[in-house]
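Below is one structure; the comments refer to it alone.
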Amino acid sequence: MKFAYKFSNLLGAFYRHGNLCFSKDGNSVISPVGNRISVFDLKNNKSETLPVSTTKNISCLGINPDGNLAILIDEDGAAVLVSLVTRAVLHHHHFHSPVHSVSFSPDGKKFVITKENVALMYHAPGRNREFNGFALDKSYYGPFDETTCIDWTDDSKCFAVGSKDMTTWIFGAERWANLIYYSLGGHKDIIVGCFFEKDSLDMYTVSQEGTLCVWESDTELEGLRKGNNDDDDVEEIIGEDGETRGDVIKGSTDTPKQVEGIKNVRYSQRSKHYFNKAGDFNKLTAAAFHKKTRILVTGFASGAFHLHELPEFDLIHSLSISDQRISTIAMNPTGDWIGFGCSGLGQLLVWEWQSESYVFKQQGHFNNMNSLAYSPDGQYLVTGGDDGKVKVWNTNNGLCFVTFTEHSSSVTNVAFTSSGFVVVSASLDGTVRAFDLHRYRNFRTMTSPRPAQFSSLAVDSSGELVCAGSQDSFEIFLWSMQTGRLLEVLSGHEGPVSNLCFSPVQSVLASVSWDKTVRLWDMLDSWETKETLRLTSDGLAVTYRPDGQELAVASLDGEITFWNPQTGGQAGSIAGRHDLQMGRKETEKITAKQSAKGKSFTSLCYSADGESILAGGQSKFVCIYNIKEHVLMKKFEISCNLSLDAMEEFLDRRKMTEFGSLSLVDEGTGDGDGVELSLPGVKRGDMSSRRFKPEIRVGSLCFSPTGRSWATASTEGLLIYSLDASLVFDPYDLDMDVTPASIRQQVKKKEWASAILLSFRLNEMALKREVLEAVPYDQITVVCSSLPDVYVDKLLNFVASTLEKSNHLQFYLSWAQCLLTLHGQKLKNRSGAVLPTVQQLLKSIQRHSDDLSKLCDWNIYNIRYAAALSKQRGMKRTAAESLSDEEEEEEELLQKADFCFIIEKMLI
């Protein structure tokens with residue numbers, strides 16, 4: 001059970017690349033984050049990362065009109081069909097080349113993808129039961145360069161495709177006699193967006209140089225006529241088995257043949273408008289159009305966006321939301337909210353244009369995430385990154401609620417104090433800063449007498465002493481948190497100090513260094529070295545067991561050694577180098593097997609119960625070991641994204657040439673705004689910009705104090721793994737008589753204590769909940785007093801985990817109160833084992849307290865308003881004594897309606 005952890009959420013990354021989509025109700029935005037997708041609930045302020053992933057980074061995604069299916073397509077063209085209801089993968093398909101965009105028809109029967117210079121229309125999955133989820137219907141040719149965007153008419157009869165050849169092509173989704181294909185020009189740069197008017201064939205096209213063309217059709221949608229199957233422009237694809245695989249529509253610059261008696265659809269340019277742009281670099285990079293409100297939103301490379309009302313092209317407002325290019329724009333179905341994605345900084349913004357306010361504004365670390373730490377109650381996480389920012393995250397909703405930007409260089413380590421309201425961070429800028437989570441300010445800045453780059457940090461259990469290790473002067477600096485003054489400089493190490501850790505139960509500091517030693521410093525005895533432990537290789541990480549009776553050290557030779565801090569003797573070791581399974585970088589000349597010989601664990605963390613240890617390093621794996629047996633229990637693969645470097649053990653021979661690997665060829669920037677080929681005389685784009693693949697690695701590991709989850713800071717972001725009790729059947733003291741039927745029989749006999757004991761022996765979550773909720777409220781105290789000690793811990797753990805998501809607050813709180821009251825002294829004697837459960841219980845109670853306090857405050861304000869309204873109506877009735885009986889009744893009904901409306905809102 002202890003190792004039944006599975007991926008539950010991805011924090012620290014909100015948008016990477018691709019397009020945004022809103023859910024059907026418009027309350028959630030779906031964002032591609034690397035090779036996963038995250039759903040951000042804007043109404044309830046929560047986030048969730050789906051447990052599905054693609055092979056490489058997602059380049060585009062499409063949601064069907066019902067909002068229950070999504071198509072995810074990665075950089076290579078591999079597609080995954082995902083159910084947004086069950087969160088499961090339904091089908092895999094490969095398009096064999098990169099796909100630029102995907103869009104479902106409004107009726108949900110078809111979807112179109114664009115790749116290279118062709119548009120492919122498929123039958124949408126889910127309508128019919130068939131083996132092949134993606135059945136090709138038609139292929140549309142016409143553009144001479146890569147396609148960029150798609151849009152459908154409201155009745156799904158036609159769709160338009162924009163291209164890099166500066167043209168827009170309109171195709172019929174069915175065989176129309178008067179509209180097979182039509183080509184629109186008028187632009188001097190790449191088409192960024194093409195949009196149909198509502199219930200019309202009229203069009204708007206937007207290009208990269210900042211030009212909007214308004215096109216008017218001479219035919220309405222009802223004027224489209226069915227065509228014959230013998231059109232010269234339409235060919236049928238016949239498969240090897242003789243069955244029809246679809247039609248091919250070949251567009252050309254020539255006018256399509258006209259059917260006798262039917263006039264072909266023609267377009268004329270009604271008007272042409274230009275966006276204001278400053279300089280050559282401010283290109284139009286993204287566009288979105290809402291058909292009902294006729295609002296056009298355009299984003300630029302400078303980070304600015306414009307709102308225009310069409311067709312008059314009236315500017316509503318123009319704002320700048322970032323200093324990086326806007327990569328994608330989406331609008332929710334009602335047209336009130338606009339979603340923006342900026343891939344340069346990883347920003348995801350949702351803007352309400354009518355009130356001119358942010359609905360959602362989040363940004364992760366746009367560089368590597370180096371370190372993380374849990375708060376003592378497990379509710380918050382703090383992270384530090386190479387961008388110099390310190391971010392604090394709420395583990396319940398997965399969102400960042402405060403960012404500190406005082407550091408001017410990389411943040412190397414972060415920590416919480418024991419109170420949970422102060423965050424301490426160390427940085428390469430030579431400062432250690434303390435941040436207050438009540439007032440959200442930097443209230444202490446601690447520096448060394450001589451400039452030093454701090455690479456490690458530790459805070460003692462009282463929160464009074466702060467230590468930081470230097471990587472250039474080999475010294476450890478000790479400050480007082482209360483005064484901010486430097487108390488002592490600890491010297492003795494002969495190499496950079498790589499890690500620090502305070503004992504949880506004593507005022508002893510453990511420091512590990514590249515000089516192959518671990519030193520234990522006594523904080524109560526003149527800060528002298530209490531013990532020196534000799535290692536076989538350079539020390540990289542050190543951590544104490546939660547009870548302070550054991551010390552774990554990771555060294556450069558890939559070993560994890562365990563020491564007794566009291567005697568200074570070694571208790572055991574684990575050789576973990578072979579468990580790392582390093583991948584091979586594309587630029588490396590040696591094999592992965594040879595490369596792994598120089599790798600090691602760089603981060604260690606004990607589990608909450610101290611029975612196992614997590615280890616991670618420059619690898620895609622996190623290993624969890626059993627300390628007593630010194631064996632590997634499980635390996636967690638934190639990513640399967642091949643867009644990251646060092647993921648594969650063997651290089652792709654197809655990329656190898658006689659001159660070397662093709663991956664060594666610099667292809668320029670990949671944002672579409674840079675220089676693809678560095679030609680002489682080219683002045684556009686940033687010549688210094690390069691495309692590179694980030695290397696997969698684990699920067700930091702931390703176990704939650706509740707023991708139910710652990711987190712890792714990696715190249716992919718902040719990954720959370722939670723305990724999944726449903727995965728493992730783990731009975732306790734099971735025999736033949738313990739069955740669900742016998743347990744329910746005990747419940748019928750009202751033998752509550754016996755039923756609870758049997759259900760915990762079988763250890764099925766649903767059955768335990770059923771039995772516990774069957775116990776009458778007035779019998780809780782009697783049942784708790786008759787429980788054996790071994791079952792008290794199990795019941796308390798179950799109550800703590802169930803309370804977090806249950807609506808029966810008073811019922812489970814009564815159980816917790818009775819267990820703690822009747823068995824408090826015995827639980828205190830084994831506090832080390834019970835502490836994670838108590839912290840989980842505290843976290844659940846605090847979460848419900850926060851939710852209820854907001855609701856109660858809102859209800860108090862509404863009751864006050866209702867009372868004031870009633871008082872005002874009474875005064876009016878007294879003043880207007882001359883009103884007729886009918887008018888009085890009408891006034892009274894209005895008052896009751898107002899009051900009922902307020903009460904109804906309170907109940908909701």
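Atoms considered below: every heavy atom in the structure, side chains included; atoms not considered: hydrogens, waters and symmetry mates. Remember, predicted model here, so these are calculated numbers, not experimental data.
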Applied to residues 770-789, the ring pair (Phe, Tyr, Trp, His ring centres under 6.0 Å) test, sequence neighbours excluded, yields none
Can you confirm whether the side chains of [X] and [Y] place a donor and an acceptor under 3.5 Å from each other?
X    : Y    : value
K391 : T403 : yes
E464 : S480 : yes
Q379 : D377 : yes
S612 : S607 : yes
S714 : T712 : no
E611 : Y606 : no
S38  : T49  : yes

For the residue pair [X] and [Y], does the interplanar ring angle fall in the parallel (under 30°), tilted (30 to 60°) or perpendicular (over 60°) class?
X    : Y    : answer
Y440 : F404 : tilted
Y721 : W710 : parallel
H808 : Y812 : tilted

Side chains of [X] and [Y], heavy atoms from C-beta outward: is any pair under 4.5 Å?
X    : Y    : answer
E559 : V553 : no
F40  : L399 : yes
V783 : W815 : yes
K389 : N367 : no

Does any N or O in the side chain of [X] come within less than 3.5 Å of the main-chain N or O of [Y], such that one atom is a donor and the other an acceptor?
X    : Y    : value
N396 : G398 : no
Q362 : C400 : yes
S759 : K768 : no

Taking the ring centre of each residue, are F416 and Y380 less than 6.0 Å apart?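 When the ring centroids of F416 and Y380 are compared, they turn out to be at least 6.0 Å apart.
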Neighbour count >12 (heavy atoms, 6.0 Å) for atom CG, N807: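 Counting other residues, nucleotides and ligands, CG of N807 stays at 12 neighbours or fewer.
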Residues two or more places apart in sequence or in another chain: which of them pass ring-ring contact (aromatic ring centres under 6.0 Å, His included) with W393?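 Scan of W393 (ring-ring contact (aromatic ring centres under 6.0 Å, His included), adjacent residues dropped) gives F14.
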With H630 via ring-ring contact (aromatic ring centres under 6.0 Å, His included) - residues at least two apart: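 With sequence neighbours excluded, H630 shows a ring-ring contact (aromatic ring centres under 6.0 Å, His included) to F562, given in chain and number order.
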With sequence neighbours excluded, residues passing side-chain contact (heavy atoms from CB on, under 4.5 Å) with E48: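 Partners of E48 by the side-chain contact (heavy atoms from CB on, under 4.5 Å) criterion, ordered by chain and then number, come out as R87.
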Looking only at heavy atoms, the pair that brings S555 and S600 closest together is O-CB, 3.5 Å
S456 and side-chain contact (heavy atoms from CB on, under 4.5 Å): which single residue from V542, V497, T412 fits?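 That would be V497; it is the only one of V542, V497, T412 passing the side-chain contact (heavy atoms from CB on, under 4.5 Å) with S456.
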Could you go through W563 and T561, starting from their C-alpha distance and side-chain angles, then the distance that decides it, and tell me whether this counts as side chain to side chain donor-acceptor pair (under 3.5 Å)? CA-CA 7 Å; W563 303 80; T561 53; 2.9 Å; yes
Those residues that, when tested against E637, pass salt bridge (charged side-chain N to carboxylate O under 4.0 Å, His left out) (two or more places apart):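 Salt bridge (charged side-chain N to carboxylate O under 4.0 Å, His left out) list for E637, sorted by chain: K620.
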Contacts of type salt bridge (charged side-chain N to carboxylate O under 4.0 Å, His left out), residue D41, not counting sequence neighbours: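 In terms of salt bridge (charged side-chain N to carboxylate O under 4.0 Å, His left out), with neighbours along the sequence ignored, D41 is linked to no residue.
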